[in-house]
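What follows is a single structure, and I will ask about it in a moment.
Whatever order the structure lists them in is the order used to number ligands and atoms, beginning at 1.
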Amino acid sequence: MIANTIKKQAKILSGAEFSEVIKREVAEEVKRLEKEHGFRPCLVVVRVGDDKASEVYVGNKVKTSRELGIVSEHEHLPAETTEQKLLETIENLNRRDDVDGILVQMPFPKHIDENRILEKINPEKDVDGFHPINVGQLAQGQKSLAPCTPAGVIEMLKRSNIEIAGKHAVIVGRSNIVGKPMAMLLLQKNATVTVCHSRTKNLSEITSQADILVAAMGRAGFIRGEHIKEGAVVIDVGINNVSDVTEARELFDETEIEKRLRTIEKRGFTLVGDVNPKEAREKAAYFTPVPGGVGLLTVAMLMRNTVDAAKSRRLK
Ligand code: GUN
């Protein structure tokens, strides 16, 4: 008998495709608001200091806003900005009637208290969904501005016709930005939700029961084949840099490794999620790549939150 050598491979969920559709919808809504109501939504992104990754993320947010017709400002403050000065900056933006969305990019310099800053943002303009009022509303299942990355994951599942209700969703990671709001959103969609973290015992025993597995703990390629149930939906939220060639060989199969090695040679690193893509592709039914997966949805959902915030505040 001839051995069947065709390996089953996961379907790749392309962030680019979904984010383009969402951005197109947002751009149309922006046009409609201008035509019918005479205003364009406005987003202000505040950045403190010179974190390199933040510079790239903020640049991307501002550029995308402008492409969609959203008015966008970038306020860049020096690293030594005091907490008081940053609070005053936010207060001014809270008061400005033309500003619909305020986003203060994290991480902040160490002398600034993150909670004090997030609590200062007017919840109606909190397009990150990090203010305790929005977090509370999300937990209560009320309509709220939800954090962009987990909201993007839900959108991706919805648009891929992947059923959530009744499924066992396991999230690895309990951050305020991804893990916790992801749990709330999946719960709202009637999944049975388990949250795992660095102190979880027998991790693979739990993750291998997941119909939907969300990896968001910030460790390159940590989730391996043994953690994944055959036929699961694997959502990789991690973004890590890998510069070691041997490590890269463990992560990428023959279809991808050459390209990745060239990237390491050229840039010094390649982007890797929290899931080992080589092993996930062989076990999962669906899998989100890094780069080109969930990350692109984050920006698209920020645009949508900005338009939603503008509509709730201005068209009351
Ligand atoms: N830093 C990393 N991700 C985010 C995000 O979604 N929002 C903000 N404000 N800062 C971040």
* For Glu88, which residues count as a salt bridge (charged side-chain N to carboxylate O under 4.0 Å, His left out) partner, sequence neighbours excluded? ->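 Here no residue qualifies.
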
* **Donor-acceptor contact below 3.5 Å, side chain Thr82 vs main chain Lys85** =>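 Flag set: sc Thr82 to bb Lys85 pair under 3.5 Å.
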
* For ligand 1, would you mind listing the residues that have at least one heavy atom less than 4.0 Å away, ordered by chain and number? =>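 Near ligand 1, by chain and number: Leu103, Val104, Gln105, Met106, Asp128, Phe130.
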
* To do: Kindly write out the residues that satisfy ring pair (Phe, Tyr, Trp, His ring centres under 6.0 Å) with Tyr286, not counting sequence neighbours, or none if the list is empty.
  =>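 Residues passing ring pair (Phe, Tyr, Trp, His ring centres under 6.0 Å) with Tyr286: none at all.
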
* Start with the C-alpha distance between Ile239 and Leu271, add both sets of side-chain angles, then the distance that settles side chain to side chain contact (heavy atoms under 4.5 Å, CB included), and finish with yes or no. => CA-CA 6 Å; Ile239 301 179; Leu271 290 180; 3.9 Å; yes

* **Neighbour count >12 (heavy atoms, 6.0 Å) for atom CZ, Arg96** =>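 Enclosed: over 12 neighbouring heavy atoms sit under 6.0 Å from CZ of Arg96.
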
* **Pair listing, ring pair (Phe, Tyr, Trp, His ring centres under 6.0 Å) test, anchored in residues 14-41, at least two apart** =>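 Qualifying pairs: none.
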
